[in-house]
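Single-structure report; data block below.
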Amino acid sequence: LTNRYRVFSMTKVSVIIPTHNRAELLKTAIRSVCEQTYSDWEAIIIDDHSSDQTSEIVHAFQDDRIKYLQNHGKSGPSTSRNLGISAAIGNYIAFLDDDDEWLPCKLEKQLAILDKSPASVCGIYSNRIKIDKHSGNTISAHLNADTLRGNLLYQLMLKNPIATPTLVVRKSCLDEVGCFDENMSYMEDRDLWIRLALRWDFEYIDEALVKVFMHGNEHLSRDLLGQTQGRAILLNRYQDLLSKNRKKWAGLHVCQGAQYCQLGDMKQGRSNLFKGITIYPGYWLAYLHFFASLLGANIYNRIRSTFKTVSN
């Protein structure tokens with residue numbers, strides 16, 4: 001294995017796997033790529049400042065299709081994924097997180113459709129199985145979204161149905177719209193999908209082809225704060241586009257307000273909820289969350305846990 005691996009022959013799919021101090025989990029992720037029924041791939045592992053045995057784990061596979069890069073720059077999955085994409089030689093780019101797994105037929109089934117799709121389609125994603133990492137129990141195998149294929153622009157504005165490890169995208173499309181925003185720590189994937197959706201459609205396979213492992217509530221507060229920061233960027237960046245569909249625009253503010261309230265910032269939460277009401281007065285969930293927020297953080301969160309009415 002070497003960092004100097006560009007060759008003249010083209011590989012069909014480049015699999016981008018960023019990792020940070022998850023050597024044992026990474027081993028399972030890489031193995032799930034090696035076990036694909038479709039074999040024309042390269043896997044690019046980007047080591048994001050790991051201090052464990054990541055390098056040894058990667059090199060132990062002794063497969064020329066597996067490449068190892070080190071991210072010596074800014075830390076974070078966006079920077080690492082972009083580094084991998086820039087080194088990729090495949091026509092298609094696929095993504096896998098270091099703690100998730102692909103089912104063996106994933107690439108074969110997706111490429112069978114994507115290869116036959118018109119140029120108006122930028123990529124294809126699939127359903128996924130969410131699994132609790134600690135218990136092994138299945139959390140969800142149902143993808144809840146209004147629109148799953150075709151033009152996903154307004155669907156993405158309200159809720160992101162595309163889990164990053166499920167997507168295979170044409171590299172030529174990424175070359176045109178750019179890669180992940182390295183200044184975003186959360187929702188950077190959603191931002192990229194929106195930029196793609198502004199120009200192309202998506203295909204979808206209604207079959208779970210990826211195991212996505214959830215790690216419980218151990219980072220819940222940090223994740224919620226990151227989501228509010230990421231959503232704030234989306235609300236600002238795509239305000240002109242959102243204003244064309246006032247209900248979905250209001251829905252994003254309601255999600256934002258509800259999560260601020262969940263974090264205990266009731267003042268900022270009510271500000272976003274009121275903004276949602278102003279944009280679309282008929283959004284009744286905004287009123288529910290607004291009045292619940294007046295009862296204080298503890299009571300609000302009790303009500304919210306009972307009536308999970310707002311999704312991300």
Side-chain angles (χ1 to χ4, degrees), residues 78 117-125 127 143-164 166-167 169-170 172-204 206 224-262 268-291 293 308-312:
S78 291
S117 297
S120 59
V121 173
C122 67
I124 182 169
Y125 69 108
N127 204 337
L143 196 56
N144 182 23
D146 295 332
T147 306
L148 293 171
R149 58 167 51 86
N151 187 337
L152 297 187
L153 184 57
Y154 287 108
Q155 171 63 61
L156 286 163
M157 288 297 179
L158 185 58
K159 184 184 176 88
N160 179 15
I162 305 174
T164 304
T166 72
L167 180 67
V169 63
R170 300 185 199 271
S172 59
C173 295
L174 295 178
D175 290 339
E176 290 193 40
V177 303
C179 298
F180 294 94
D181 185 340
E182 297 179 12
N183 294 315
M184 295 181 71
S185 300
Y186 283 79
M187 296 195 181
E188 70 282 355
D189 53 349
R190 189 168 174 178
D191 171 67
L192 177 53
W193 310 159
I194 289 171
R195 282 184 274 131
L196 289 167
L198 281 165
R199 301 182 61 175
W200 296 284
D201 293 339
F202 287 86
E203 260 297 349
Y204 171 70
D206 191 17
L224 284 174
L225 181 59
Q227 287 177 31
T228 59
Q229 292 170 344
R231 191 180 292 106
I233 293 174
L234 296 182
L235 282 165
N236 179 64
R237 182 170 292 173
Y238 300 109
Q239 181 170 320
D240 290 343
L241 182 63
L242 284 165
S243 64
K244 297 177 183 178
N245 189 318
R246 301 188 71 84
K247 185 174 182 180
K248 293 188 183 298
W249 187 16
L252 273 179
H253 277 286
V254 174
C255 287
Q256 187 81 330
Q259 288 194 332
Y260 272 122
C261 289
Q262 194 174 357
Q268 182 60 53
R270 282 193 288 272
S271 175
N272 279 104
L273 291 167
F274 185 74
K275 178 73 171 178
I277 293 170
T278 302
I279 292 170
Y280 191 81
Y283 207 116
W284 66 270
L285 283 178
Y287 298 95
L288 176 62
H289 282 272
F290 186 88
F291 288 116
S293 72
K308 291 184 178 179
T309 52
V310 174
S311 59
N312 293 337

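We use all heavy atoms of the structure for the numbers below, so side chains are in, but hydrogens, waters and symmetry mates are not. The shown structure was predicted, so the numbers you read here are calculated from the model rather than taken from an experiment. Counting from 1, the numbers follow the sequence of the chain as shown.
Side-chain contact check for Leu153 versus Leu241: some heavy-atom pair is nearer than 4.5 Å. In this structure the side chain of Met187 never reaches within 4.5 angstrom of the side chain of Ile233, judged on heavy atoms. Using a 4.5 Å heavy-atom threshold, the side chains of Leu156 and Pro161 count as touching. Taking the side chain as every heavy atom from C-beta outward, Tyr125 and Val169 never approach each other to under 4.5 Å. Inter-residue side-chain proximity for Leu234 and Leu242 is flagged as unmet; no heavy-atom pair is nearer than 4.5 Å.
The nearest pair of heavy atoms linking Pro118 to Arg170 is O-NH2, 3.2 Å. Of all non-hydrogen atoms in Arg231 and Leu252, the two that sit nearest each other are CD-O, 3.4 Å. Contact between Pro281 and Tyr287 at its shortest, heavy atoms only, is O-OH, 2.7 Å. For Tyr283 against Ala250, the heavy-atom pair with the smallest separation is CD1-CB, 4.0 Å. In terms of heavy atoms, Ala286 sits closest to Val254 at CB-CG2, 3.7 Å. Looking at every heavy atom in both residues, Thr147 comes nearest to Leu152 through O-CD2, 3.5 Å.
Within the model, atoms CD1 of Ile124 and OH of Tyr204 stand 10.5 Å from one another, a figure rounded to the nearest 0.5 Å. Remark: Gln155 CD to Ile162 CD1 distance equals 9.0 Å, nearest 0.5 Å. To the nearest 0.5 angstrom, Ser271 atom OG is 9.5 Å from Phe290 atom CZ. How far CG of Asn151 is from CH2 of Trp200: 13.0 Å, rounded to the nearest 0.5 Å. Atom-to-atom distance recorded for Tyr260:OH and Gln227:CD is 11.5 Å, nearest 0.5 angstrom. Going from atom CZ of Phe202 over to atom CG of Leu148 covers 12.5 Å, rounded to the nearest 0.5 Å.
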Criterion side chain to side chain contact (heavy atoms under 4.5 Å, CB included) on Thr228 and Gln256, from CA distance to verdict: CA-CA 6 Å; Thr228 59; Gln256 187 81 330; 3.8 Å; yes
Verdict with supporting geometry, Thr164 and Trp193, side chain to side chain contact (heavy atoms under 4.5 Å, CB included): CA-CA 10 Å; Thr164 304; Trp193 310 159; 3.7 Å; yes
Steps toward side chain to side chain contact (heavy atoms under 4.5 Å, CB included) verdict (Val177, Leu198): CA-CA 10 Å; Val177 303; Leu198 281 165; over 6 Å; no
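Applying the side-chain contact (heavy atoms from CB on, under 4.5 Å) criterion to Asn183, with sequence neighbours excluded, gives Lys74, Asp181. Listed by chain and residue number, Arg195, Arg237, Tyr238 satisfy the side-chain hydrogen bond (donor to acceptor under 3.5 Å, both in side chains) test with Asp191 (two or more places apart in sequence, or in another chain).
Using modelled atom types, one side-chain atom of Arg190 and one backbone atom of Met157 make a donor-acceptor pair closer than 3.5 Å.
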Which donor-acceptor pairs under 3.5 Å do the side chains of residues 272-279 make with protein atoms, sequence neighbours left out?
{"residue": "Asn272", "atom": "OD1", "partner": "Gln268", "partner atom": "NE2", "Å": "3.0"}
{"residue": "Asn272", "atom": "ND2", "partner": "His253", "partner atom": "ND1", "Å": "3.2"}
{"residue": "Thr278", "atom": "OG1", "partner": "Phe274", "partner atom": "O", "Å": "2.9"}

